[in-house]
Every structure is written in C-alpha cells, then in structure tokens.
Amino acid sequence: MPDARTRWGFLIDLRKCIGCHTCEVTCKMENDVPLGVWRSWVKVAEKGKYPHVARKFLPLLCNNCEKPICVTVCPVHANRQRPDGIVTYDPHRCVGCRYCMAACPYQVRYIHPLKKIVEKCNWCQHRVDAGEEPACVANCPTGARVFGDLSDPASNISQLIAGRNVSVIQPEMGTEPRVYYIDFDEQTFGAKRPLIWKWR
Amino acid sequence: MDGDAARLLYDVSHQTTFAWLISIYFYFTGLSAGSFVVSTMSYGLGIAKYKPISRIAVIAATACLGIAPIALLLQVGWPIRSIWNHFTYLNFTSPMTYGAFLLVAYPAVCVFYALYMFRDNYPMTRRLGLIGIPAAIATHGYTGFILAFGKARPYWNTALMPTLFLVSAIVSGLALMILLVMLIFRVFKPVRAVPGEIVEGLAQILGWAIVVDLFLTFCDIAVLSVSHEGAQKMAWLILGGSFTPLFVVVENLVGKALPLIVCFAPGLRKRHWLLALACAGVVIGIFFMRYVTVFGGQVLPLM
C-alpha cells in the first residue's frame, strides 16, 4: 500500500511487447488526448536484412524524472513534482509558454490544441490516487508494462529491476528518468524520423 | 551506413515549440538593447560626438520594446493569464521568471531615460543611462539563458549562448542606428545631409562588433562539429543541410562577412549607399541568426 515513502516507478518489458498500440489507444481514451498529439506511444522499427529480419517496438511515455527539467524551467510553477515522484502539471496555472516542451529531452509534452496549455503523461495520477494502475498498464494484453513502488523492495517492479538488466532512455541528460526498460535496444531508439524542414 | 541500424516504420509527430514569434521577440529585444547602448554612448559614457543621434537611438530602443512583448504574448496560449501568473507565481530556477521582471523594468528605465533626455536634464539622463546599460544587457542576456537551459538541444545548450546573443544584439542595434540616422538626416532634417563623421564612426564600431560575433560563432560551430552525436548532426544541419542557405549565406555572408569588409575599408565606408546596403544586410542577417538558432536548434527529433 502507498505510504509517505512511496516512489512510483514504471517498467516496460520489451521482450513481451507485441506492438499492438493498446497503450496508445487506451491512453487517448482515459485522458481525452486530442487528435495529433500523444501522451504515450509506440515506436516501430525494423532491423536486419531478409531473411534475418526483426521488427522492434519501443513504447514511450513521460519518464516522470527524479530531477525533471520541466519543473526547473517552468516560469509559473505549473509543473510540480509530487511527494510520490509523479511530475504533474496544474492546468489552471499553466500559461502555455511552451518552455517545458522546448526543454524536455524526451519530447513527451504537447500543447493542447483547444485548451492552449501544455499537457503530458502523469502516469494516470487520478487512477493511481484511487488505488488503481495507470490505464496503459491495466490494459496491456501481454503484461509488458509494470507499475509499482520503487521504495518497497518487495514490490514486483523492485524485484524485476533488481533481477534483470534494465536501461533508461538518455541517462546522460541527468534527469534520472523513472521508466525502466528490459531488453532496451539503442538502435531502435536511434531510428528517427527524417528531417522535413518547413518554414514555420 | 544505415544498413546495420534500425529503420523507422512508425512514430508519432511532435509539435514545434518555438518558431517565428519567438525569433521576432528575440530579434526586437536585441535591436532595443543595441540601440540603447548607442544612445548611452554620449550621455552615459561621455563620447560627445554621438550626442546628435542619442534621441533617435532612445526612441528606436523604446519602440522596439513595444513590438517585442507583443510577439511574446501572441506566442503564449493564455496572454492575460500569463501576465498575471508571471508576477504572482515565481520559480527562481527559471530564466523566464527573471525575464518577466526585466521586461517591465527595462522599458520603464527606457521611458524615463528618454523623458529626461528630451528635457535636457543631463545628470538624470546620465544616471538612468548607466542604470539602463546593465538592464539592457540583462534583458537580452536572459533570452540566451532561456535557450541555454534547453539542455537536450545541442545548438542551444552552450554557455556561449547569452554572450552570442548579446554581441549579435549590439551588431543589429548599431546597423539599425546607421540606417535610421541616414534616413532621418536625409528626409526629416532641414539640412538634408548625412553626418559622415557619426555614421562612419558607428560603422567602425559595427565592424569590431561583427569581428567578435564571427569569432564567437566560429567557436560555437567548431566545438559543435566535434562534440557528441546530436551536436554533430546539428552542425551538419547548418553547415551542409537544410539550414545552410540561411546560416551560411544569409546570416554569415550577407549579415556579417560582407558588411565587415564595407565597415573596415575606408573607401567603401565613405560611400554611404554601400554602407546603407551593408547595414540592411546586417539587420536581415541577424534576424535569420535568431531564426536559425531558435527554430533550427530544435528541428532534430530527440525521440
């Protein structure tokens, strides 16, 4: 049970991920995420040459970092880190200046096209506060996503992190991300969109 | 090269954060800071030669500050809320919090400085001018910190950024001043003659400012091109990619290198139409310096 020492963490076992995009869709439903933006998504890449080929999936979401740069740079303190580690935003205080979007190394923030404020994944804090798991965890058909208390050594996530080889994305940014990956592939992460430059 | 690496099949798109409006904001605060420094040369620093242009400079500095915050307010999602929240909820680790106060304090200094100057109150003008120089530097310098704090973007995240912004602000401000002095003395004054000594003096200062600017730009790009992977990609984007026409041709050739020759060669500097052309190049070039830095610095996808 969560208490004052609770520190939430997230783990994605990429060996179990089948690339079904359920997390992406269920997040849109749970959090009313508008068209054209995503809080949680799955990147798909392929590797190798026929017949030795593989398709790789990399689910991405907000890392709810231990040292979040978005909290550092927010000029109006709309981004805050809760005592349990979730980095949350205050929709009534955000002025939509987009500085956090520019500073985030993980590009998980978006400006809501209608509300004109910046939103992001907050690990479904309304569900977590009610004692449930985030929607993407609850609906993942293969159980690839694990959510739990990092401060409790007996929790499922703590034991998985202790017993497996885990990675985080871009640890060099110094933000101490809290989404851990089992079987993380640097090449899949490195496959990026080609740059299409337009005046804007 | 890409044969071994993974090929992307599906990914979501990410929104652009800062673009034209922020470039315009940085550009006009830069012009204002540069013009303000020119206006304090006679009153604050005591170079009597530039006294006739101080009033033009201070009006330009104040007018540019009228445009800059408008671009800023058009950029944010909630303009009225942003004015209120920026002064009621403070986060002292964010450069933007300091910026909100600077954007009020500096225009106030500007207005009072202009007021005393037009009333010929020399001691007060001098005092306000000396207060105004650090205010102008801080107001433009903080914009450099805004970008430098975006630590995931290699083109922004450099300690050179505030200095680079300040120097290019002074470059653009001096060029604007030369253009305005030529225009005003030729069109609006009773004796329609461009004051050669003033304009050419400013051109020489402009030349030295461009030298510093080019040196800092070179340092920035040289380090960028041998730094980590993202930095190298960014260096290629501006040296041999889609931003090359803007960065190399418009910013550094039209905006800096060619005007540098005009400013330093006495024969060319005395041809005022050529000097005006060079200064127009600088003013355009520095705008694209802002655009390439702000927009070009963030087009590479991070995820």
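Below, chains carry the letters A, B, ... as their sequence lines are ordered, and counting in each starts from 1. In what follows, every heavy atom counts, from backbone to side chain, and hydrogens, waters and symmetry copies are set aside.
With a 4.5 angstrom heavy-atom cutoff, A/Glu24 touches chain B only via side-chain atoms. Using a 4.5 Å cut-off between heavy atoms, A/Cys104 touches chain B through its backbone atoms (N, CA, C, O) alone. Using a 4.5 Å cut-off between heavy atoms, A/Val37 touches chain B through its side chain atoms alone. The part of A/His92 that comes within reach of chain B is its backbone (N, CA, C, O), which places non-hydrogen atoms under 4.5 angstrom from that chain. Heavy atoms of B/Leu237 lying under 4.5 Å from chain A belong exclusively to its side chain. If you measure heavy-atom distances from A/Ile111 to chain B, the contacts under 4.5 Å come from both the backbone and the side chain.
Using a 4.5 Å heavy-atom threshold, the side chains of B/Arg81 and A/Ile117 count as touching. Counting heavy atoms from C-beta on, the side chains of A/Arg98 and B/Val76 never come closer than 4.5 Å. The shortest side-chain heavy-atom distance between A/Cys97 and B/Met96 falls under the 4.5 Å cut-off. Side-chain contact between B/Asp11 and A/Lys192: absent, with no pair of heavy atoms (C-beta onward) separated by less than 4.5 Å. Side-chain contact between A/Pro75 and B/Thr97 is present, with heavy atoms from C-beta onward closer than 4.5 Å.
In this structure, the ring of B/His14 has its center no less than 6.0 angstrom from the ring center of A/Trp38.
The aromatic rings of A/Tyr99 and B/Phe18 sit tilted, their planes meeting at an angle between 30° and 60°.
At most 12 heavy atoms of other shown residues, nucleotides or ligands fall within 6.0 angstrom of atom CZ in B/Phe145.
A/Ile169 CD1 to B/Met303 CE: the interatomic distance, rounded to the nearest 0.5 Å, is 4.5 Å. Expressed to the nearest 0.5 Å, how far CG of B/Leu302 lies from CE of A/Met173 amounts to 7.0 Å.
Between B/Trp78 and the choices A/Lys115, A/Arg93, A/Lys116, the side chain to side chain contact (heavy atoms under 4.5 Å, CB included) rule is met once, by A/Lys116.
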